[in-house]
Amino acid sequence: MDFFVELFTNPVGFYNQHELLIAQIGINAILAIAIFVTFYSGQLTLANAGFMAIGAYTTVIMSLYLPTPLPLNMLVGALLAGMVSVVVGLPVLRLRGVFLAIATIGFVEALRLGVILNVPITGEGQGLKNPSADPLGGIVPILISLPILAYIVWRLTRTRLGQAWSAIREDELAASSNGINVPLYKMIAFIISAVLAGYAGALETHINFFVDPTEYGITRTIQILTFAVVGGTTNVFGPIVGAVFLTALPEIVRQFAAYRDVVNGIILILVIIFRPQGIVGRGGLAIIRPRWWTRWRARERPATAH
Amino acid sequence: MRSAARGITIALALALAACGGTTSTGGGTASYQGKTIQLGAILSLTGAGGVYGPSSKKGADLAVETINNSGGVNGAKLALDTRDDGSDKAQSAQVAQTLIQQGNLLALLGPTLSNSAVAVHPLAESFKIPILAVSTTGIHIVPDCNFPKTDPCRYVFRDSLGEETAIPTNIKIYAAKAHPKTGVLMVANDDKFSKDGGTIVTKTVDQYGITLLDTIQFSKTTADFATPVTQALSKKPEVIFITSLGGIPAKIMIEARKQGFTGQFLGGNGFNTAVVSKQAGTAGQGAESGSAWYLDNTFPSNAEFVKAYRAKYSSDPDQFAAQGYAAILILADAAKRANLTFSDVAGDRSKLRDAMETVNIQTPLGPFQFTSAHDVKQTVWVILMDGKGGFNLLASVNPS
Amino acid sequence: MTQQVLNAIFIGSIYALFAVGYTLVFGVLDVLNLAHSAVFMLGAVITYSLVALHGMPFLPAAVIAILVCGLLGLLIEFVALRPLRRRNAPPISALISTIGLALIFVAIVEQATPGTLFSWLWQDGANSVRFPAGTVPNPTYHLAGLTIEGTKLGILVTSVVLMLVLGYVIRFTQIGRALRAVAENRRAATLLGINVDRIFASTLFLSSALGGLAGLLFGLAISDIGPYIGRDQVELKGLAVIVLGGMGSIPGAVLGGYLLGLIEVLAFVRFGSNVEAGVAFAALFLVLVLRPQGLFGARLRERL
């Protein structure tokens, strides 16, 4: 509990001691926003770790070999992730539910084990050092990006685009018969999600000095998923809260350090069983189940039950 | 009684070290009575590095206890704050920052894994706090912690024997004895430690007239090594080089022996723990590697360490425990000679750093000094697995 | 090359044995049980513990371990699955709750060292160990340049026999018919008077017992027992296998296991080791995109 005492009694000291933690929280929150966008459009995709890898590697490789400025490198990384997402999305977005989830896991692992480990420019298993890393300066772009991205996505969910996503999530068939171009809107969500994940990956290399393939595997994928599940996906703030809570958790429960994963596991089970709408549900912290969840479930069941 | 005897030996070792130091910076006479020397450690106690981190911690804790029980460092107590990084690079850096910014620590140990060191060492360097690596053996740890930039990192040291020394020494000893002509390298391709080791083997073998017939890469998540081993044996090598971590070297040895391989296994740090020797069993008998430490060395600084370790933990120490223990001896010796003020932390960190460069003490690893690149300058112990979960000493090679 | 084919068949039977339990749960309950890999690991760990720490002979130890794993299956059902079903939660929820259980199981083993809470179960922390020499006789035959091991041969036979038995049970027995009825249509099965909850519990027991068996055989033949053997070495491969075979299909999982074994070995021999690791996932991706019902599945409806 020292963690909270410190936070309130000595905020400046707290910030100095935990700058990197705060930066990581920011990155994880952006990743949470990324997975939120696909969830919001009714798609369970787990490809974000792969898009992160694309953003991260692109940024570092450009920094190593080109004289281009860092912000441009990061932008290119994020856009490249978006371009790859079109290629991946065209075939896989026809799939639903668990099948979509598994296919995207396949993409992540094939990218990591099949491509990154075999292309010399990525440093293969040895990884790459980022020459322009600046762990303490790196926090500034993160803290600026996070609220902007959160705001943009929040606004998006309130536009025609967001309404289309909601409609698809609630009932794909009905949406389609109402004239909504379902594949197009799903693809848009997938691309936005990929660009955000790629951008988060690019930001992360900036504070971590280093990219290596072990960072972008199934563990990362599942971590991002848990942000969304624990936080809740009713609105964009749910996953962000999930990311903040879960990233800070190891510091908060330091006295159980050895059994940290036990604590993590218990939290996951408790949340999914007792508060399926996540920490941030529709009614804020009220223990009610949002209506869309019931409807989503009603739609999901027939889709996967046979 | 036992701990008193142990304390005296340590005190003696420290006193000897102070006298023997080549260019002692301080007189070592300043009294630190009533003060506490705060140290921090970032170790992987959970996750994949959990094979090594806990040993480092046990070794370091034992040294702290021993020194404090025998009067401390010029009267000052040592205190070690150990944090787990969950074997995760980002968490390692976060924990390091928290420790550094607490503002009262004089030096850090760790981190356990090379991947984490790449993130933590440059951070320590930029905050000008001495950091001593206790288990990282890869390349670009010291002095070029900011690789690909080549300017030396002034605050980064390591007391763990690098693979760049251990592997070539081992190959040299074996080549002089058996004159092998051919070999196959088996290396995990998704792990920095293993890839680094593989690179070193590839660079070394030529000068001893050994032809690498093939380099077989595999993922560290490979379940069954039958396929890579069959592939390796089809080239009919005299020697199999293995650079990999955890249980993998043992699994390869077991599989190769089953498939009828009768040649030699050569390796690096991946061989050097009793757990690996135990898992390999008779299949590992004779497998040869260069090690930083050997359990049955009888010189006093090791015999005392082993005895104290067994008394405290009722088990045998391993190389990582010895390196963790040595790290505290090194920092204690440097602190003793650094004329610390205990008021100006930045100044004390700088003084401690300067004193570390001239450390010259007896440790369980043998006589210990740093090179000008802040790397280990120590004897390499070439050891063979004994087929029963232990090791036999084949040769010792003194630093040139 | 012949040796490599033998290697493929052997690793294929481990994949198959692991995947059969995995796919059984998916077929009957419609959820992906991600704690299956942790149960696989515990099968090996419990057997090792009974043999090496408590001095029990191998066979009774193995039987106990398999039963304990079956009981863990019930734990998964009661803690992670049933409460969600009661609430009609979407299948993704079960994915998360079983991940939670897997995290707990792995952490318990990983943190068990002498003097800790779970030292009666495991004492080697994150390290790998093997069964003490001579636990099971392992004659190794060298025929015409080929190496054939007793334990691996035994595992091959065990897995084939087991899968035949399982196939028989599901096709021709009362419980098998009930299982298929539930898999086909839960509501109709309830109307027919089948106790669906009991069928689910039996499925989890059976699936986890099989997973535990697969784990202990893996530990025996590959000389590798440790907290990560499930998560790192078979979990994702198992996923690839059940996708290749058609999710929920038992014969598909068996064929998929051997097929993946062969694909991996061929990729290794033909294109080199670097490509091998990615092959399973490339195959998984392609099959899902081109033929989501799996390579052998006729229609998703008929998957048992």
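Proteins come first, then strands; the chains are lettered A, B, ... in the order of their sequence lines, and each starts at number 1. Values reported hereafter were calculated over all heavy atoms of this structure, with side chains retained and with hydrogens, waters and symmetry mates removed.
- The minimum heavy-atom distance between B/V95 and A/E251, with the atom names listed, is CG2-OE2, 4.4 Å.
- B/D191 touches chain A through its backbone: at least one of N, CA, C or O sits under 4.5 Å from a heavy atom, while the side chain does not.
- The CG atom of A/L117 sits 5.0 Å away from the CG atom of B/N189 when rounded to the nearest 0.5 Å.
- For A/E215, the part lying under 4.5 angstrom from a heavy atom of chain B is the side chain only.
- Between the side chains of A/Q126 and B/D196, at least one donor N or O sits under 3.5 Å from an acceptor N or O.
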Step-by-step side chain to side chain contact (heavy atoms under 4.5 Å, CB included) determination, B/Q217 to A/N118: CA-CA 11 Å; B/Q217 306 197 31; A/N118 288 296; over 6 Å; no

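- Of the possible donor and acceptor atoms, none in the side chain of B/Q91 sits under 3.5 Å from a partner among the backbone N and O of A/P250.
- The pair B/D84-A/R260 meets the salt-bridge criterion, with a side-chain N (NZ, NE, NH1 or NH2) lying under 4.0 Å from an Asp/Glu carboxylate O.
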Criterion side chain to side chain contact (heavy atoms under 4.5 Å, CB included) on B/Q94 and A/Q24, from CA distance to verdict: CA-CA 9 Å; B/Q94 290 158 22; A/Q24 191 67 46; 3.1 Å; yes

Side chain to side chain contact (heavy atoms under 4.5 Å, CB included) between A/L20 and B/L123, worked out: CA-CA 11 Å; A/L20 281 177; B/L123 201 64; 3.6 Å; yes

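- Using a 4.5 Å cut-off on side-chain heavy atoms (C-beta onward), B/Q97 and A/Q17 make no contact.
- If you measure heavy-atom distances from B/S194 to chain A, you find no contacts under 4.5 Å at all.
- Across A/D212, A/T219, A/T247, the residue that shares the most heavy-atom pairs under 4.5 angstrom with chain B is A/D212.
- Side chains of B/K192 and A/F210 form a contact here, defined as non-hydrogen atoms less than 4.5 Å apart.
- Your options are B/G47, B/A90, B/G50, and the one with the most heavy-atom pairs under 4.5 Å with chain A is B/A90.
- Checked by atom type and distance alone, the side chain of B/T98 never pairs as donor or acceptor with a backbone atom of A/H18 at under 3.5 Å.
- In terms of heavy-atom proximity, B/P122 sits nearest to A/K129 at CG-NZ, 4.0 Å.
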